[in-house]
Protein chains: 2
Amino acid sequence: MSALDSRSGSGATPRRTRAAEPEPASVTLQDVATEAGVSLATASRALNGGSRGVRPENLARVRDAAARLGYVPNASAQATAKGSTQTVALVVSDVADPYYSAVAAGITDAAEANGLVVTMTVADRSPRRELELARGLRGHRPQIIVIAGSRINDSETEQELIDELAQYRATGGRVVLISQPGLPFPTVTVDDTHGAEMLARTMVQAGYRRYAIICGPDRIKTSLDRCKGFTTGLRASGIETDEQILIRTRFTRSGGYDAARELVERGLGDIELIFAVSDTMAIGVMTALRDAGLEPGRDIAVAGFDDISSASDVVPALTTVAVPLREAGSEAVRLGLSGEEAHPVHIPTTVHVRESTPRAPASGRSPTGPSV
Amino acid sequence: MSALDSRSGSGATPRRTRAAEPEPASVTLQDVATEAGVSLATASRALNGGSRGVRPENLARVRDAAARLGYVPNASAQATAKGSTQTVALVVSDVADPYYSAVAAGITDAAEANGLVVTMTVADRSPRRELELARGLRGHRPQIIVIAGSRINDSETEQELIDELAQYRATGGRVVLISQPGLPFPTVTVDDTHGAEMLARTMVQAGYRRYAIICGPDRIKTSLDRCKGFTTGLRASGIETDEQILIRTRFTRSGGYDAARELVERGLGDIELIFAVSDTMAIGVMTALRDAGLEPGRDIAVAGFDDISSASDVVPALTTVAVPLREAGSEAVRLGLSGEEAHPVHIPTTVHVRESTPRAPASGRSPTGPSV
DNA sequence: TTGAAAGCGGTACCAT
DNA sequence: ATGGTACCGCTTTCAA
């Protein structure tokens, strides 16, 4: 019987001896070391330390013991000892929203590919909550904190958030923002402006000349950018300002509905295409048109932005701009890991032409639409 | 100056400043204690220990110091010291899938309400990956591990997964499964069977008598349950078996499309309503009908299951059964926290009647449909 | 190579 | 109430 009880003072086994265990306690590295007949340090090196400097024989011994005991290293203990974790923290506004869940998917993809685990929190579209979460997350000492939210002008909590994140960064953390440029941190943004511009150019090429543009409140940057981008594209294609009508409404489906109804009521005139700055709004537009007896895609064309799944399910399928949110998510992780203090990274968007905007002059089918 | 620092950064890093500026290294509880002029122990009690047994004056001192220094407790250190974390681990098949993102939303809701943070991982619909993740997650010692996946008969990894989870549970962890009954752990399931049955009854009441049922492979439990539930409902409402046609296909949109086309090709006969076991399939069905020159909702009724967002965007809006996945998620956390070794918890579903199944005999609008 | 031991940032028991 | 201190489980010098 080897007398190598190196544990704390007492000669008794550290674990309970005979009493019934209320809590089994999980296998520790020390257990593995003992089982393998090596020291704690060696066991640690064998299981982690890259196995460098451990005699092959011992290496095998330790690995065997670990497997036999079902040992899993305690991540928290590793983190305290090393001073760094293997996690990336994510703050989104709402997981159930396809926009954010796509981003989250991209982030988990990239994170897992790098051996990181994602801790996800939901800010519920509240800047204050976002701040609280950032603070709490700091306690977990993640390698990266990614915040994907629709920044709204709220300078009050904004400064606090910046301070919080700055403090996190000061201790070695990396912050990456998604779609909320203007803050002093590396940012990944979707190229809304350019996407909208390309859509406009494509529509003009398809033969449309007179437009109604339905957008949301200007303080929502996403909406503003898409709106501006679209008009820029029209102008660049030679469409005059007096051939465009601009309507401002809520950034929701019913906002789109109401705007389209208003449009119909005051007379569509010779408008050929209605562009709504989000697919959701565009779907509201379609509904309103139908309710007014107009058939979208036949009587009047409609286009949206985002390429949500409904966009291709709707009839006629909606022409829109696909936003690679998943890529935006992965890119955020990449950016965080790379340490670059890069300028805003722009994620390109893609125009998808579908049945809601048939090629105006010709009578053929839509020329580009990939899926229906 | 006490020379006991052998850390990497050399002794140059001052442990405390004389005035009020934060340090480059992150603030520790010891820093706060020193700043407040109390012991580590007291600081710990003041900041956590429930403030019981700390003189109000010191309590304030410590809290002030903490705030001044921007102290945030190190979650990993707390976890190692306490032996338990404040996290719930979630394994989903695919975050981007609305089904799972809804579940995830419910879980984060409930978790955050209980002061827990969620670590989310994606199994990518692979049972093997699910197993690996479960193992890795165990290392984080979460309070609960929730697995939301579509269990498929894969007894190979299944046993390994059970072993892994059992080991986790043996050390005090809680396991909760969502929608994959049959495993020896607390489970939350959606009441597919009953929902389908209610849908059938509702449709019969609405006047439909002859049905086609399109379902997926029987090994997908969800599909099977819905299929069975529907036929049970029909039978209970007095619909004879020879008034039903059953078609088996893939559990996808194109599966629905193909099945409906086949149906049309071999003659719809006097079929009045097509029920597809998922909305996605139902949308495929609608497309196929249209392609065959039939107008869904007018020439023939269509119903689905899930109430995905497209269901209400499609025209005509799809009659379906809403599945409260978000509630299923919250319920899972509740179940995990409660410690009940409950029988499977069933989450009830709700029938939503919309335009795709107009009340057959009468000519009025749909009687129940809440939203359009 | 290997083991002993000093932490990492906290918690909690034990005297005082 | 408060401070001293023995851990928690693991990493990483430092000597041997």
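Here is how names work: the chains are called A, B, and so on, in the same order as the sequence lines, proteins then strands, and each is numbered from 1.
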A:V88, A:T85, A:I107 screened by side-chain contact (heavy atoms from CB on, under 4.5 Å) with A:L116, the one that passes: A:V88
B:G37 vs B:G83, nearer the 5' end of DNA chain D by closest nucleotide: B:G37
Short side-chain N/O contact to C:dC8 OP1/OP2 from A:T80, under 4.0 Å: no
Presence of B:T42 side-chain N/O under 4.0 Å of D:dG3 phosphate oxygens OP1/OP2: yes
Pair A:Q159, A:D163: side-chain N/O donor-acceptor within cut-off below 3.5 Å: yes
C:dT1 OP1/OP2 closer than 4.0 Å to side-chain N/O of A:N58: no
Value in whole Å for how far the C1' atom of C:dT2 lies from CZ of A:R55: 8 Å
Whether over 12 other heavy atoms sit under 6.0 Å from B:R174 CZ: yes
Short side-chain to backbone donor-acceptor contact, B:Y168 and B:P142, under 3.5 Å: yes
Atom CZ of B:R326: over 12 foreign heavy atoms under 6.0 Å: yes
Side chains of A:Q30 and A:T34, donor plus acceptor under 3.5 Å: yes
Are any protein N/O atoms closer than 3.5 Å to N/O atoms in nucleotides 10-12 of chain C? If there are, list each pair with its distance.
unit_1 : atom_1 : unit_2 : atom_2 : d
C:dG10 : OP1    : B:Y71  : OH     : 2.9
C:dG10 : OP1    : B:N74  : N      : 3.2
C:dG10 : OP2    : B:L29  : N      : 2.4
C:dG10 : O5'    : B:Y71  : OH     : 3.2
C:dT11 : OP1    : B:N48  : ND2    : 3.3
C:dT11 : OP1    : B:Q78  : OE1    : 3.0
C:dT11 : OP2    : B:S44  : OG     : 2.7

